[in-house]
There are 2 protein chains.
Amino acid sequence: MTRTPKADAKGRKLSNFLCFAVYSANLAFGRAYKPILDAVGLTYTQYIAMIALSEADDQTVSALGEKLFLESNTLTPILKKLEQSGYISRTRDPADERQVRVSLTAAGRRLLDKEINASLVEATGLGDEFPIVQKSVVRLRDNLLHHTRGDSKKG
Amino acid sequence: MTRTPKADAKGRKLSNFLCFAVYSANLAFGRAYKPILDAVGLTYTQYIAMIALSEADDQTVSALGEKLFLESNTLTPILKKLEQSGYISRTRDPADERQVRVSLTAAGRRLLDKEINASLVEATGLGDEFPIVQKSVVRLRDNLLHHTRGDSKKG
DNA sequence: TGGATATAAATCGTGTCCGATATAATCGGA
DNA sequence: TCCGATTATATCGGACACGATTTATATCCA
């Protein structure tokens with residue numbers, strides 16, 4: 001009758017939580033990429049930041065942050081490291097000295113050209129499902145962000 | 001002819017990367033849970049650890065780590081904090097002093113009974129798709145882990 | 001013009017992740 | 001029994017993630 005205090009796991013088992021599924025899938029991605037990225041001296045986050053940088057030159061830290069869902073507090077140290085490694089350049093915008101413009105260097109672009117990513121697509125084991133899962137996860141993320149922010153941001 | 005050095009983004013746009021979708025969905029989950037968890041004084045990881053603990057009493061750190069895909073280096077500080085907060089108990093196993101047995105306290109169990117989780121399911125905006133996405137992401141994770149570890153662990 | 005306000009990065013402290021290592025307890029074999 | 005492996009946690013250092021604050025620049029407007 002009254003629920004037993006312990007074993008009322010019901011829909012609450014760890015394996016049933018979508019949040020946990022995403023949490024652990026993210027850990028799994030990091031570990032799958034690690035041996036590949038170690039070889040070129042990048043961390044997982046640094047790699048993702050470089051992909052975002054490959055989309056356009058002279059992006060501001062904020063613009064990059066919008067793509068990555070990160071802010072300057074997280075991005076600044078990452079970008080400084082990528083600069084030290086010689087993969088990106090950081091310069092204050094002469095027209096507005098508050099902003100920092102970030103671009104890939106030739107070395108950075110060469111590194112991305114290695115098609116690091118391709119080797120991991122098959123490791124997902126998703127096959128034809130791949131694009132569907134991807135769309136679902138993106139939608140999931142956007143719904144969560146929308147729910148969290150109360151759509152305070154533009155559009 | 002030869003690919004243009006820059007704008008050959010092709011399938012390489014950030015939004016096309018499944019790894020980025022999962023990475024950012026995980027961030028989004030953390031942010032969506034934050035206001036709820038702040039109210040009870042838990043971090044996202046601590047909450048997930050407590051869910052795992054709710055499945056059984058007297059689990060070892062290793063057993064918990066297998067469920068969470070984490071090891072003692074990450075778990076120990078988290079469990080110590082949960083102990084300080086009064087939500088779990090940690091005791092050395094008298095039969096094998098190497099092991100630490102971890103359990104929820106009454107306070108910890110009460111906290112989980114609040115059905116914190118339910119309020120976020122709708123925020124995913126996935127509807128009927130929810131269980132399908134979940135299964136896909138779990139499969140994705142397991143495939144990645146399997147690929148990474150080279151199935152060194154017991155079957 | 002000049003001071004209040006706004007904006008862009010950077011800094012700081014706390015809490016994960018994770019590889020490498022340390023500590024401690026147990027087990028195995030001669 | 002005793003010493004070398006093995007196992008279970010714990011510790012340490014580096015790198016994120018993020019709220020809160022700071023610094024520097026730009027803008028607004030009386």
Side-chain angles (χ1 to χ4, degrees), chain A residues 23-35 37-38 41-50 58-66 68-85 90-102 145 148-149 153-154, chain B residues 23-35 37-38 41-50 58-66 68-85 90-102 145 148-149 153-154:
Chain A
Y23 167 86
S24 50
N26 184 51
L27 292 185
F29 256 122
R31 290 169 200 186
Y33 270 108
K34 181 144 208 316
L37 293 177
D38 273 355
L42 287 179
T43 66
Y44 185 49
T45 306
Q46 286 167 11
Y47 171 63
I48 286 190
M50 285 187 63
D58 291 325
Q59 293 183 77
T60 64
V61 174
S62 307
L64 203 57
E66 275 190 31
L68 295 169
F69 304 97
L70 296 174
E71 289 167 47
S72 67
N73 52 4
T74 301
L75 274 179
T76 297
I78 293 170
L79 296 176
K80 282 189 173 177
K81 259 174 215 120
L82 285 174
E83 185 185 36
Q84 282 175 7
S85 304
R90 291 165 66 248
T91 43
R92 291 272 164 190
D93 185 335
D96 183 345
E97 294 269 340
R98 290 172 304 181
Q99 299 183 336
V100 170
R101 299 285 176 175
V102 189
L145 288 175
T148 305
R149 301 200 171 178
K153 286 224 164 179
K154 60 156 187 173
Chain B
Y23 166 86
S24 51
N26 185 50
L27 292 185
F29 256 123
R31 290 168 198 187
Y33 270 109
K34 181 142 210 315
L37 293 177
D38 273 355
L42 288 178
T43 67
Y44 185 50
T45 306
Q46 288 167 12
Y47 171 63
I48 286 188
M50 285 186 63
D58 292 323
Q59 293 183 79
T60 64
V61 174
S62 306
L64 202 57
E66 275 191 29
L68 295 169
F69 304 97
L70 296 174
E71 289 167 46
S72 68
N73 52 5
T74 301
L75 273 179
T76 296
I78 293 169
L79 296 176
K80 282 189 174 178
K81 264 182 208 110
L82 284 173
E83 186 185 34
Q84 283 175 5
S85 305
R90 290 167 68 245
T91 43
R92 291 274 164 190
D93 186 335
D96 184 345
E97 293 269 340
R98 290 173 305 182
Q99 300 183 335
V100 170
R101 298 284 176 176
V102 189
L145 288 175
T148 305
R149 300 198 172 180
K153 283 223 166 182
K154 61 162 184 173

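Throughout, a chain's letter reflects where its sequence line sits, starting with A, and its residues are numbered from 1. The figures that follow rest on heavy atoms only: side chains count, while hydrogens, waters and symmetry mates do not.
Legend: residues meeting side chain to side chain donor-acceptor pair (under 3.5 Å) with A/Lys80, ordered by chain and number and at least two apart, are absent. Take B/Arg90 and apply the side chain to side chain donor-acceptor pair (under 3.5 Å) test, not counting sequence neighbours, and it matches B/Glu83. Residues forming a side chain to side chain donor-acceptor pair (under 3.5 Å) with B/Asp96 (at least two apart in sequence, or on another chain): B/Arg98. Legend: residues meeting side chain to side chain donor-acceptor pair (under 3.5 Å) with B/Asn73, ordered by chain and number and at least two apart, are absent.
Between A/Thr60 and the phosphate of C/dA8, there is no side-chain N or O to OP1/OP2 separation shorter than 4.0 Å. Not one side-chain nitrogen or oxygen of A/Tyr44 sits closer than 4.0 Å to the OP1 or OP2 atom of C/dC17. Residue A/Arg92 places no side-chain N or O under 4.0 Å from the OP1 or OP2 atom of D/dA26. Residue B/Gln46 places at least one side-chain N or O under 4.0 Å from the OP1 or OP2 atom of C/dT16. For the pair A/Lys81 and D/dC16, the criterion of a side-chain N or O lying under 4.0 Å from OP1 or OP2 is met. Contact annotation: B/Ser62 reaches the phosphate of D/dT9 (side-chain N/O to OP1 or OP2, under 4.0 Å). Between A/Gln99 and D/dA24 there is no side-chain polar atom (N or O) within less than 4.0 angstrom of OP1 or OP2.
Judged by distance alone with a 3.5 Å cut-off, a donor-acceptor contact links the side chain of A/Arg98 to the base of C/dT7.
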Please list, for nucleotides 11-13 of chain C, all pairs of protein and nucleotide N/O atoms separated by less than 3.5 Å.
unit_1, atom_1, unit_2, atom_2, d
C/dT11, OP2, A/Lys80, NZ, 2.8

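Each of A/Thr45 and A/Glu97 was matched to the nucleotide of DNA chain D holding its nearest heavy atom; the match closer to the 5' end belongs to A/Thr45. DNA chain C is contacted by both A/Tyr23 and A/Gln59; A/Gln59 maps to the nucleotide lying nearer its 5′ end (nearest heavy atom per residue).
A heavy-atom distance below 4.5 Å is not found between the side chains of A/Leu145 and B/Leu27. By the 4.5 Å heavy-atom criterion applied to side chains, B/Phe29 and A/Tyr23 are not counted as neighbours.
Distances were taken from every side-chain heavy atom of B/Lys34 (C-beta onward) to each of D/dG19, C/dC17, D/dA15; the shortest belongs to D/dG19. Counting only heavy atoms from C-beta on, B/Leu27 has its side chain closest to D/dC18 among D/dA10, D/dC18, C/dT16.
Between the P atom of C/dA9 and the CG atom of A/Leu68 lies a distance of 13 Å, rounded to the nearest Å. Taking atom CG on A/Asp93 and atom P on C/dA10, their separation rounds to 13 Å, with Å as the unit.
B/Leu70 comes within contact range of the sugar-phosphate backbone alone, with a heavy-atom separation under 4.0 Å but no base atom that close. Residue contacts shown for A/Arg101 are absent, as no nucleic acid heavy atom lies under 4.0 Å away.
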Let me check something: any side-chain donor-acceptor pairs from residues 58-65 of chain A under 3.5 Å, sequence neighbours excluded? List them with distances.
unit_1, atom_1, unit_2, atom_2, d
A/Asp58, OD1, A/Ser103, OG, 3.1
A/Gln59, OE1, A/Lys67, NZ, 2.8
A/Gln59, NE2, A/Ala52, O, 3.0
A/Gln59, NE2, A/Ala56, O, 3.2
A/Thr60, OG1, A/Ala63, N, 3.0

